[in-house]
Amino acid sequence: MLNPISAAFKKAKTENRPALLTYTVAGDSSKKQSLDILKSISKNADILELGVPHNTPVADGSQIQTSAYRAIKKGIKINDIFRIVRDFKRFDKNKPIILMGYYNMIFQYGDNNFLKKCKNSGVNGLIVVDLPWPENKDFAKKCRKKSIYFIQLLSPTTTSKRLKKIIQNSHPMNYFISMLSTTGGKLKVSPRQILKNYNRIKKINPKKEIVIGFGITEKTIGKLKSADGLVVGSAICKEITRSLDSRQNPVTNVSKLVKKLKNKIK
Amino acid sequence: MKLIKGIPVIDQGNQLGFWGGKFGGNFVPETLKKPIEDLEILFNKLKKDKKFITERDRYFENWVGAPTRFIKLENLTNYIGGAQIWSKVVSDANGGAHKIYNATVHCLLAKRSGKKIICGDTGAGYAGKMLSMAAKKFGLKCKIFMGAKDIARQQPNVKAMKKNGAEVIPVYSGSQTLVDAVSECMRFWVANCDTTAMCVGSTVGPAVFVRICGWSTSQISRELKVQLIEEFGSIPKKLKLYNCVGGGSSSFGFWNEFMDYDKKQVEFIGVEAGGPAKSKKHAAPLTYGSKIGILHGAAQYVNQNSDGQIEETESISAGLDYPGISPLHCFLKDTKRARYTAASDEEALSAFKLVTKFEDLRPSLEPSHAFFVALKEAKKLSKDTVVVVNSCGDAYKDRGILEQRLGKKYVKSN
């Protein structure tokens, strides 16, 4: 069976648009609410990234940190996250889910145990922010055995030689970080330049799906349409924070935002 | 797991930067892979470069003020009535603590790499203060990340940083202490690694930072070795080196040159921060059996919960208030080369009172932890045993806490 992640890219391509990937933090602002958000955005998002909140996130900007701290404060545990994924999959079994987090949480859970739980709950892919190549070789292999995509991160600082090696060993989807920034930074590079870098990577192996993330908002998403996929994370986390601050319903507000994002790339 | 004789411990990691196959490494976002590799290449080249070593030594001598004193604490020795008690007064160094060595080397490296800005983290404020001094000396712009809680409790050092022209950026996330300052500094580097060099303030972080810091602070044991031979004619038959351990930079530097001696001759004792006597929180992952985890790019023993969330620490001493510990110390613990124990806040304060009562020496709260254990153990040791405590910081920065906890008479006005 085709991994639902690949199926999602295929579907987006037939509609002549990039896949829309959303990122929300599991348990933000509560377990139930984060599940409700996933359900409400699933009709407009192609792939759902679910953040595993960690309290020393070295690559996340303030928006995602705020979401993560909020979720941790409410007591979210890894097992709750698997339950959220499982419950969501009962609602929409074909929508791909990617967990994104930091390695210590996987390490403490145990690599094999963690992957078993991923498989059982319906996780389709993993992004581990602080487990770069080649350190991630063994872990990526274990993922492959479970038919879970291990998604490699690529950055503007990744050298050509390294890019080639990473892509050669990579699973069908990779993630290009648009600029030197933590998540949610203001886009400090022009979309044209980002696409230029993106195309350079894409050329190495056109069969691999490459998504672009970091700094993508409602304003900028339309200009990056030619990519295989686009990730919006901090802008969504920010919308949750804004909704909570103004006593509005984050579920409806995030749902509206994702719909708008989708319209921009149609 | 084994220590290898004849090879510096900083160079005993494997290809991926793991000591003993499991401590350290480079658990970093992809963006930092290249800048870290560049720094590794530069450091590996320069540490073999005679001209660079000469340059470093010249700054250590003329600017840092090497060697720092090695003195006998006669009154304390008489009072305790056991081993001879000595101190390596590393707080003599320019700026008042050992952090100057690492800061100087990082600025020298930054200059060589053509970077114009340097960023760093700080807990007690010494790493930040020294980096601001060195940055000023070498004409670099300096940004210091410091937890908001630490800014409030270590004001003298904050003032010094600002006076040196550094920008002090308060960190409000998490526990608002060193752990969050290091995270925020790494985030800043992720976003600015094209123009900015990063200095990690201790022997923690991705492997190359552990190595650079350990290489820099080893100046302390190089000096001590010479001083011991001058004083005793040879390395004493029974030598015990006591040092506080937070991240582990001063202790590693204090021990490095003695690594190959049998531990029956030269014993290393690391003293972690046990926190307030009544609190369950502490900053002593080695003493209290914390599990291995990943923090700030490196695998190490670290205080964490079962899910892998890093736990908040508590200690009177901002410089030791860190949930993890250098991979080098994890390695020294598991190879049994060093012994680790903890002292509580109250014990550190009592040692500070005792040292200042008998001697003209004012160790900061960090080395006061080491003094507590050294003085306790010295009582039971023979007169021919030489106990040396690294007084790696000066108490001036702690005046607020000391006044609050012990009263005005323990605070000097200088």
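These values consider heavy atoms only, across backbone and side chains, with no hydrogens, waters or symmetry-generated copies. Per chain, numbering begins at 1; letters A, B, ... match sequence-line order.
- Between A:M105 and B:Q309, the closest side-chain pair of non-hydrogen atoms falls below 4.5 Å.
- Using a 4.5 Å cut-off between heavy atoms, A:P57 touches chain B through backbone and side chain atoms alike.
- Heavy-atom distances place both the backbone and the side chain of A:L153 under 4.5 Å from chain B.
- Counting heavy atoms of neighbouring residues, nucleotides and ligands inside a 6.0 Å radius, atom NZ of A:K142 exceeds 12 of them.
- For A:D60, the part sitting under 4.5 Å from any heavy atom of chain B is the backbone (N, CA, C, O) and nothing else.
- Heavy atoms closer than 4.5 Å to chain B are found nowhere in A:I106, neither backbone nor side chain.
- A:E135 places a side-chain heavy atom less than 4.5 Å from the side chain of B:K33.
- In this structure, chain B has a heavy atom under 4.5 Å from the side chain of A:Y69, while its backbone stays farther away.
- Side chains of A:L180 and B:N192 form no contact here, defined as non-hydrogen atoms less than 4.5 Å apart.
- In this structure, the portion of A:I76 lying under 4.5 Å from any heavy atom of chain B is its backbone and not its side chain.
- Donor-acceptor pairing under 3.5 Å is recorded for the side chains of A:N104 and B:Q304.
- Ranked by heavy-atom pairs under 4.5 Å with chain B, the list A:T159, A:T157, A:N136 is led by A:T157.
- B:E30 and A:T158 share a side-chain donor-acceptor pair at under 3.5 Å.
- Residues B:T31 and A:M179 are not in side-chain contact: their nearest non-hydrogen atoms beyond the backbone lie 4.5 Å or more apart.
- Here the side chains of B:F188 and A:T182 are not in contact, with every heavy-atom distance at 4.5 Å or above.
- Taking 4.5 Å as the limit, some side-chain heavy atom of A:P134 sits within range of a side-chain heavy atom of B:L16.
- Of the possible polar contacts, one joining the A:N55 side chain to the B:I310 backbone as a donor-acceptor pair under 3.5 Å is found.
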